[in-house]
Amino acid sequence: MTFVSASNSIKLPSGDSYPLTGLGLWKVPQHACAELVYTALKIGYRLLDGAADYDNEVQAGEGLIRAVKEGIVKREEVTIVSKLWNTYHAAEHVEAACRRSLEDWKVDYFDVYYVHMPISLKYVDPKVRYPPGWSYDGTPTGPLELEDSPFHKTWEAMEKLVTLGLVRNIAISNMSGGLVMDLMRYARIKPAVLQVELHPYHAQQNLVRLAQAFNIHVTAYSSFGPTSWVGISDNVIAKCESLFDHSVIAGIAQKHNATAAQVVLRWATQQGVTVIPKSSDEKRLKENLENELLSLTEGEIKAIDKLDAGLRFADPGAIDPRLAMYA
Ligand code: NAD
């Protein structure tokens, strides 16, 4: 990765600002989501990373509305993100899926709208079940039905969202280099952001280089590595220690009088990669946002780079073994 100086937002090719640190909303329970979003905006967060699949967009929107009403923030100052779920890849379902998420958030446009994964599942009518999740019948072990939706058709429908003014920037997530290269060959509107699992145990240097070459901004998810995958990817977690306890991270944290979490986040943001850590704790929310106050040396960044072990926790095969062959 190229070493760049610290700043708190970057410019996407559309000219929109996109913060280097945001708040992730995966696994935030509905009952806590409005308060969390409100608190985060009050603390200074300006990027909210949501998705239809997280089943909390209504509540996230409530938190946003409260903050706007109280004058804490203006709508246009917040980068609101949602993601197209796997069951809505067929071109005829993309706009309706986006409109449903917009209605839930109670906003009239998204700043960034991702295709959540390059895996197309059979359509589930939102009247039957929403969000639909992975299996066709909604049960944990129910049938997993794939759909024949070529990605170029999905992307054309994503481009139309921009034309319609529903979305300002379209983006991709969980894509490997080959898929990104293919998309770049035909995309009329290029993806503005690539969101992937990225942390010191899975640094994805080649993918980051490829994205940078295509002027696609990178957002890291699961910045803390194993922490959010306990109970899901335990077989991979068994191969490593917590990033927070790792002597390299802990040593650097001590030198800077910072926390291990801040060092892990700063390792990414100082290299121009956005992070979206999830926390429900006010003290940690502040701590995470303040990662940008740290200034790591190039040597410290390189020392953290060396922890890369290709350990991937967000393996769809770990979520459902039947997905292993598509991962
Ligand atoms: P994360 O790396 O943000 O880790 C979250 C965990 O770390 C929680 O258990 C939290 O309590 C803990 N934590 C937070 N701050 C801490 C601190 N300062 N010190 C110690 N522990 C702390 O994991 P994540 O939620 O998987 O990823 C972040 C966001 O990325 C998600 O919320 C979601 O928005 C997004 N995401 C996207 C995808 C995708 O497929 N595109 C997949 C996973 C996550």
Side-chain angles (χ1 to χ4, degrees), residues 19 21-29 32-33 36-37 39-40 43 45 47-57 60 79-86 101 112-119 131 133-134 171-176 191 193-202 204 207 218-233 236-237 242-246 249-250 253 258-269 273-292 294 311-316 318-320 323 326-327:
T21 305
L23 174 69
L25 294 173
W26 181 39
K27 290 192 282 187
V28 177
C33 193
L36 174 64
V37 165
T39 306
I43 289 172
Y45 280 80
L47 164 60
L48 303 170
D49 187 82
D53 185 54
Y54 301 164
D55 199 14
N56 54 19
E57 293 196 296
T79 299
I80 302 178
V81 171
S82 183
K83 307 187 189 87
L84 178 80
W85 184 240
N86 304 347
S101 283
V112 178
Y113 194 56
Y114 287 93
V115 180
H116 205 143
M117 290 176 203
I119 297 175
W134 285 95
I172 47 180
S173 181
N174 296 301
M175 270 202 175
S176 58
V193 192
L194 168 66
Q195 182 176 129
V196 287
E197 176 181 352
L198 193 158
H199 45 74
Y201 287 147
H202 192 37
Q204 305 246 42
L207 187 59
V218 176
T219 292
Y221 74 69
S222 300
S223 291
F224 300 138
T227 310
S228 89
W229 294 92
V230 174
I232 305 173
S233 303
V236 191
I237 292 174
S242 158
L243 275 170
F244 302 138
D245 297 336
H246 197 288
I249 308 279
T259 66
Q262 287 176 320
V263 169
V264 170
L265 296 174
R266 192 59 181 144
W267 165 79
T269 60
V273 169
T274 287
V275 292
I276 43 172
K278 175 238 156 184
S279 177
S280 306
D281 176 271
E282 196 167 335
K283 195 176 139 272
R284 282 179 173 176
L285 285 173
K286 281 195 191 123
E287 175 185 327
N288 293 345
L289 191 60
E290 284 174 3
N291 83 82
E292 291 183 40
L294 275 187
L311 291 179
R312 184 179 170 204
F313 304 101
D315 176 358
I319 294 164
D320 187 322
L323 284 167
Y326 307 106

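Counting convention: from 1, in listed order, for ligands and their atoms alike.
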Atoms in ligand 1 with a heavy atom of N174 nearer than 4.0 Å:
39 (C), 40 (O), 41 (N)
Are the side chains of Y54 and D49 in contact, using a 4.5 Å heavy-atom criterion?
yes
Report, in ascending order of atom number, the atoms of ligand 1 lying under 4.0 Å from any heavy atom of S279.
14 (C), 15 (N)
Show the atoms of ligand 1 that are less than 4.0 angstrom away from any heavy atom in D49.
33 (C), 34 (O), 35 (C)
From atom 35 (C) of ligand 1, work out which of L243, V115, I276, N288 has a heavy atom at the shortest distance.
I276
L289 and Y45 have their tightest heavy-atom pair at N-OH, 3.5 Å
Side chain, backbone, both or neither: which part of V28 has a heavy atom under 4.0 Å from ligand 1?
neither
Using atom types as modelled, flag every donor-acceptor pair under 3.5 Å from a side chain in residues 275-286 to any protein atom, sequence neighbours excluded.
unit_1: S279; atom_1: OG; unit_2: D281; atom_2: N; d: 3.1
unit_1: D281; atom_1: OD1; unit_2: K283; atom_2: N; d: 3.1
unit_1: D281; atom_1: OD1; unit_2: R284; atom_2: N; d: 2.9

For H116, take its heavy atoms, then give the atoms of ligand 1 lying under 4.0 Å from any of them.
39 (C), 40 (O), 41 (N)
Considering heavy atoms of the protein only, find what lies nearest to atom 43 (C) of ligand 1 and give residue, atom and distance to 0.1 Å.
Y221 CD1, 3.2 Å
Quick check: does any side chain N or O of E197 sit under 3.5 Å from a backbone N or O of F313, one acting as donor and the other as acceptor?
yes
Could you check whether the rings of W134 and W85 sit parallel, tilted or perpendicular, using 30° and 60° as the cut-offs?
perpendicular
Heavy-atom closest pair, residues V37 and L25
CG2-CD2, 4.0 Å
For atom 31 (C) of ligand 1, grab the closest protein heavy atom and report residue, atom and distance to one decimal in Å.
W26 CB, 3.5 Å
Between S173 and P118, the two heavy atoms sitting closest are O-CD, 3.6 Å
Is it true that a side-chain atom of Q262 and a backbone atom of E287 form a donor plus acceptor pair closer than 3.5 Å?
yes
Near Y54, which atoms of ligand 1 are under 4.0 Å from a heavy atom of that residue?
33 (C), 34 (O), 35 (C), 36 (N), 37 (C), 38 (C)
Looking at L25, T227, L48, the heavy atom closest to atom 12 (C) of ligand 1 belongs to T227
Mind telling me whether H199 and H202 have parallel, tilted or perpendicular rings, with 30° and 60° as the class edges?
tilted
Under 4.0 Å, heavy-atom basis, I'd like to know which part of F244 is in contact with ligand 1: side chain, backbone, both or neither.
side chain
Where ligand 1 meets S228 - atom numbers and elements under 4.0 angstrom, heavy-atom basis
4 (O), 5 (C), 23 (O), 24 (P), 26 (O)
What closest approach, in Å, do G50 and K83 show between heavy atoms, and which atom pair accounts for it?
O-NZ, 3.1 Å
Looking only at atom types and distance, does a side-chain atom of N174 sit under 3.5 Å from a main-chain N or O of H116, one as donor and one as acceptor?
yes
Could you check which of Q195, M117, R284 puts a non-hydrogen atom nearest to atom 21 (N) of ligand 1?
R284
Counting only heavy atoms closer than 4.0 Å, does ligand 1 sit against the backbone of S173, its side chain, both, or neither?
side chain
E57-S101 side chain donor-acceptor pair, cut-off 3.5 Å
yes
For G24, atoms of ligand 1 separated by under 4.0 Å from a heavy atom:
29 (C), 31 (C), 32 (O), 34 (O)
Side chains of Y114 and T219, heavy atoms from C-beta outward: is any pair under 4.5 Å?
yes
Of all the atoms in ligand 1, which lie at a distance below 4.0 Å from a heavy atom belonging to A261?
17 (C), 18 (N), 19 (N)
Ligand 1 versus V196: contacting region, heavy-atom distance under 4.0 Å:
neither
If you have a sec, work out which protein heavy atom is nearest atom 27 (O) of ligand 1 and how many Å separate them, to one decimal?
S222 N, 3.1 Å
Can a non-hydrogen atom of A314 be found less than 4.0 Å from any atom of ligand 1?
no
If we only count N/O pairs under 3.5 Å, is F224 in contact with ligand 1?
yes
Provide, to 0.1 Å, the distance between atom 10 (C) of ligand 1 and the closest protein heavy atom, together with that atom's residue and name.
K278 O, 3.4 Å
